[in-house]
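Accompanying notes for the structure given below.
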Amino acid sequence: MKKKDLKIRVEYLTRVEGHGNIVIDVAQGKLETCRLEIVESPRFFEGMLRGRSIFEAQHITSRICGICACGHSLASIQAAEDALGIVPTKQTILLRKLLLHLELLDSHLLHIYLLVAPDLLGVKSFVPLLEGNEDVVRRALRMKKTCNDLCDILVGRHVHPISAIVGGFTKLPRPKDLDAMLDLLAGLRDDMEEATIALKPYFTFPAFERDTEYVGLVSDDGEYPLLTGDVGSTDGVRMTKKEYRNVTNEFVVPHSSAKHSKLSRESYAVGALARFNLNADKLHVRAQHVAAEIGLVPKCINPYMNTAAQLVECVHCLEDAIAIVETLKANPLNYDEEIVVGLNEQRKIPVRAGSGVGAVEVPRGILFHHYEIDDNGIITDANCVIPTNQNTGNIEYDLMKLVPEILDRKDDEIVLAVEMLVRAYDPCISCSAHCLKVDIKR
Amino acid sequence: MEKVVIKDSGYRLKKATILRTKNLTRNEKFFEIALKDGSSLDHEPGQFIMVSLLGIGESPISVCSSPSRRDSFDLCIRAVGKVTRRLHTLKKGDEIGIRGPYGRGFPVNIITGNDLLIIAGGLGIAPLRSLITYVLDNRRDFGKVHILFGCKEPKEMLFSDELEQWSQRTDLHYACTVDRADPEWAGNVGVITTLIPGVDIEPLRTFAAVVGPPVMYTFVIKELLKKGIPKRQILLSFERNMACGNGKCGHCQIQNLYVCQDGPVFNYEQIKNLSEAF
Amino acid sequence: MEDTQYVVLKKDRFEEFIAALSSMQKLVAPVAKGFGAYAFEEVTSADPIALNYIPTILPLKKYFMPQRETLLEFTLDRRSHAEAVVEYEPLTIFGAHTCDLAGIQCLNMVFSERPKDYNYLLRKGTITLIGLECNDYCDEYASCHLVHASFPSGGYDLLFTDLGDYFMVHINTVSGDRIVRTAGLCEGAGSAHMNELRSLRDRKRTVFRNEVPIKTKLIPELFDAVFGARVWDNLNERCLACGNCTNVCPTCYCFNIKDELDLTLARGIRYRVWDSCQLEPFARVAGGINFRKERSARQRHRYYRKFRYPVDRFARFFCTGCGRCTRACMADISLKETLSELIKESEERVWKKWL
Amino acid sequence: MKKPKVGIFDFACCEGCQLQLANMGEQVLSLLGSLRVMEWREVMSETWGKKLDIAIVEGSITDPHAVERIQRIRRRASVLIAYGSCATIGGVNGMKNNFVFDEIRKYVYGDSYAFFPTEPTKAVHQVVEVDYFIHGCPVYIPEVVTVLKAALQGIPYYVPDYPVCVECKLNENVCMYDRKVTCLGPVTRAGCNSWCINNGNICYGCRGMVSNPNEKGALDVLAKYGIPTSLVVNKMNMYNKCRELDEP
Ligand SMILES: Cc1cc2nc3c(=O)[nH]c(=O)nc-3n(C[C@H](O)[C@H](O)[C@H](O)COP(=O)(O)OP(=O)(O)OC[C@H]3O[C@@H](n4cnc5c(N)ncnc54)[C@H](O)[C@@H]3O)c2cc1C
Ligand code: SF4
Ligand code: SF4
Ligand code: SF4
């Protein structure tokens, strides 16, 4: 084989959230550099949280990322409630699960359709799809909007949910809202069926494999764990969420404003594929069906298949969301649980000093929020560990294995394969650069 | 929800066509307009109309031509915002909508037979041009006529050809001044109030018609009172925010008066105690 | 003695009566919103109706001059065309207090004054108004007696008065009469009923008193004297200029007019929306001059539009004493207090003159 | 009429406002029907790099690199729309300006903080001229549509210069002050249709303050609830910190 020199510079990687560059240098057929650079301007969220009321944490950290604002909100609320010692009611937990389902649906659909589908269909973006594949785009936008409308009903809006706060909800869906949600979900189910049929033929992913450790929530009940559970890995690790630092083991690398993580090996992966690998047996039957149809079997170690796992999760979340709304309809909600807290001026929620951790499966993987508060409920310390940060190391190791395997291809094919790999992780670079914090070891 | 068309609605528009436009200064443009159905606007000097651009909005604009010209009327428009800037892009043949005329103009019936002192500041010349041209059209019905005009700079002077013509006429007295001169300017320099002491009038048979920016009024009125013109004979036209023109929307209120219906022209006696007027 | 203008509706038939009303056309009535707040909302049964309520957040004007109301519809193609329209939905309002009835009477005068506003007048013609007398004060913010709005004085089709286990219903118009006939649930009122009504009114006369220490007819005079009062400066400090007091006021009707195109940019509407003299841009003109820049001037204008200006124009006050502006103000600016302060300040002046 | 060329750009932000466009659903297609999107990194791989009729800019300007980039965008755009609170008023990114920068960098990045340059967060108009402002965190879709239409018509859009309370009252919400919670509605400019209060929460002031707020009056009202002043000030500054950088 001819010894090849290659320099890949993908600046402002497109069709991902946030700004990142890919840098690959091959000299004489030997891979010299392989980096995913995070160049997003840092926003210092954790720094800014200090000195603020714990009751503002959700509102602020939601703004870390507009794509998974509901996920950040839920993790933040969980951490805050943990610190304050609040135990959410059953109704609240159910509604939060519903919200998380909608979040996963919304984000996965956006990723599959607007960001990945162009690669699968061989175009540059969804814009050219409008010619010839307009029905696909229309269906995608319709599904996206349906998720959005569902969130509107449940929490006021999808980007930065309004009514989900520490202690519960400021507004609870009325019976007519539940009916409206069921209608929307039914419509979504139809679109989803069509979509799976339409997409399946295109779901042929590059045959690339690299064994790694997959990390996500695990639990002992029969439920596919998204909102609650312990942290586990395919290498057999199991810890409580409070021990999250022993999972993430973050370290700073100079080329990136995002930190990297490792657990049992040099890197690990989180996200839809990790969850699937850990908990496939707990998926809704319909979702298991779809998985079987597209040939997704645990433990799958092809990172490109993350997109397939997302599709499977979409089906699961949709079915479970319908089940939840039906449960809510069958057992009338308790509207006395509607609260508004503000800065807790009414002292309705007892405040105490404490430390709290939230661990929630958001679309891109497990997300940790951690707050320390003083006895006035003022945040003294904050830490957020974002899925994309946990994945970056793993992405680089993937690239290091992938690039030598495909060096014989044309340059633009290599670039595309590399870009597609990064995109498969659905990296949310805006998040990753917004929320990192180094443990200052003294 | 049911819907019916209302023939008598106060918001119905009349179609009008632009016959001619002319740039007066960088910011002011002149429009000659005719109603599409060929009818006459039938306005009084000093009245205004609501000019309407569908999809953009409406603006109150004074009619600046004499009612004696019946087949068309003139507007002079300063570009400041949504409607007025877009109006400036229109050309001959373009269509606009109008409502009105609205309000009370200069009470020509009462003024007729008397002397006139017309004081215009800046864009205030627009409504006054309507009065001036009316008076010139019916010159014999009026006594002495003085026209005082002031503006910030010579290049902001509106209707300069007409001003030039007026200054040549022997049957009226014309004077003008600018706040800041430029090298070519040979005339008076100073605020408009400096011109007033110099005019020779018989106060009891003189009506003063004053239109200009709000700051001008207090000073001009003081000078006019000094001259001995009765309060009832000092006529002022006011500009206020306006949405409806029908005396309902509340924007143009000066205490208990509505500029759009009770004005825009008031005599000083009516409003001297209204502190919101000045 | 029987009075044909009065009929009686037994309370146990109220449910049926409401069902009958709502089957005729859309029916709205006061409904509890929690935290002591009420709003007029659509109802189809008597169940959600709050018979004992303090004035709703928004007054009835929301039905007579909707917050957003189309005035013109137009197209923008080569032959652009505009048509003036009114949109309305026939409606029955049940449960309007006397203060709110007074509010509608005020608006009627404004919009009937030339040039008439046909959007308002046409819509008003499709609204049936059923009042509900207050037997007692709703709360301490009310000042309805001061402005003669504590007793019914017309402006309704039917008026309900709660007399224990029945309602006395006064039939005031032909359409009110038609409703009573169609529903067929009322009985004639006998002299015993009339006596009970009379004694309720007598009792009310002992409860309702001028809430502010001034004779009603002297109010215009008071306002003639206080344009320059210090009270306004105090309001300047406190007022947040949020417009709540005017939006909730049954007699504030200021509006703005705007245009809007649809997404094709080829069709659109001109519509009016509620506006408020308390808002910063209300009296601002091109060039940036604001004729009521100070919050004090804006608050003063509001009070004068209630107690002085309409006296000249319509020979009545444009305050109905409903107390909404006071309830809605988070800076706790109170109408009754402001009036009392004005009275105090004017007395001070009179005293100063004397001394 | 030639379809205007549009570019969508992002700076420090959460990209939620861009996402709001996708949330319009099929409506976005009618909108896209009247324009040509040339660049939109989040969803497109195409680049253009030439003259644009309209640049839609999301996010705040937080580092020297961003300053240069926004200036380049301004130079090639005839009309520039600041899109979302991060862009229009600095938004939540402005909270950073509460801190000493080296300190906050060290807090977040430890000893490696020197890799991460930062400077005071600025709103877009504090760096380059802005033609249209679409406030909101996130932006409110009906307002986005209104402003885009105004931009296409070439007429100005005036952001409502009155408080959220106006819309809140029209929606007949129970006022938060009646529920004994402090709300920033009275000093925050309207245009969101009182989104948060409609959903049972308070207004956090994401659209920036009205032009002439009675700040003293508002602080008095807020302080009534016995919350430490620092928290009240924090609350007002959550979105509005960059206001301090505006010329008076
Ligand atoms: C009786 C009468 C007669 C008149 N006659 C004439 C005349 O003959 N000729 C003439 O040129 N003018 C006349 N005017 C003035 C004219 O009506 C106004 O200049 C015109 O209405 C402006 O309308 P517009 O839509 O172009 O401006 P708008 O878009 O309404 O803007 C006007 C100005 O206000 C500012 N503005 C408006 N709304 C806002 C907001 N919400 N926030 C911030 N800024 C805002 C704009 O920046 C702009 O400077 C008259 C006015 C009256 C009352
Ligand atoms: S304004 Fe808010 S929603 Fe928009 S980008 Fe900024 S943080 Fe995100
Ligand atoms: S809830 Fe907030 S926005 Fe609404 S009226 Fe009260 S203070 Fe204003
Ligand atoms: S209510 Fe306040 S915080 Fe909520 S969207 Fe509106 S301006 Fe922003």
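Reminder, nothing fancy here: chain letters follow the sequence lines and each chain counts from 1. What you see is a predicted model, and the numbers here were worked out from it, not measured in a lab.
Considering CD1 of I197(D) and NZ of K171(A), their distance stands at 12.0 Å, rounded to 0.5 Å. Once rounded to the nearest 0.5 Å, the distance linking CZ of R63(A) with CG of N93(D) reads 11.5 Å. To the nearest 0.5 Å, atom CE of residue M95(D) and atom CD of residue E56(A) are 8.0 Å apart.
Ranked by heavy-atom pairs under 4.5 Å with chain A, the first of N198(D), I202(D), T182(D), V232(D) is T182(D).
Under a 3.5 Å cut-off, the side chain of Q18(D) and the backbone N or O of G66(A) do not form any donor-acceptor pair. In terms of modelled atom types and a separation under 3.5 Å, the side chain of N234(D) and the main chain of G51(A) share a donor-acceptor contact. Checking side-chain atoms of N201(D) against main-chain N and O of I162(A) turns up a donor-acceptor pair under 3.5 Å.
For chain D, no part of R139(A) is nearby; none of its heavy atoms comes within less than 4.5 Å. Interface residue M24(D): only backbone heavy atoms are found under 4.5 Å from chain A. Proximity to chain D is limited to the side chain of I378(A), based on heavy atoms less than 4.5 angstrom apart. Of the two parts of I165(A), only the side chain, counted from C-beta on, holds a non-hydrogen atom closer than 4.5 Å to a non-hydrogen atom of chain D.
The shortest distance between side-chain heavy atoms of C206(D) and H160(A) does not fall below 4.5 Å. The closest side-chain heavy-atom distance from L19(D) to I67(A) is below 4.5 Å. A 4.5 Å side-chain heavy-atom check between R157(A) and N23(D) finds every atom pair outside the cut-off. You'll find the side chain of M238(D) reaches within 4.5 Å of the side chain of R52(A), heavy atoms only.
By the 30° and 60° cut-offs, the orientation of the rings of H59(A) relative to Y204(D) is parallel.
Listed by first and then second residue, the salt bridge (Lys or Arg N to Asp or Glu O under 4.0 Å) pairs that reach into residues 141-152 of chain A are D106(A)-K144(A), R142(A)-D191(A), R142(A)-E26(D), K145(A)-D149(A), sequence neighbours excluded.
Legend: residues meeting side chain to side chain donor-acceptor pair (under 3.5 Å) with S73(A), ordered by chain and number and at least two apart, are Q58(A).
The two atoms that bring S163(A) and N199(D) nearest to each other are CB-O, 3.6 Å, heavy atoms only.
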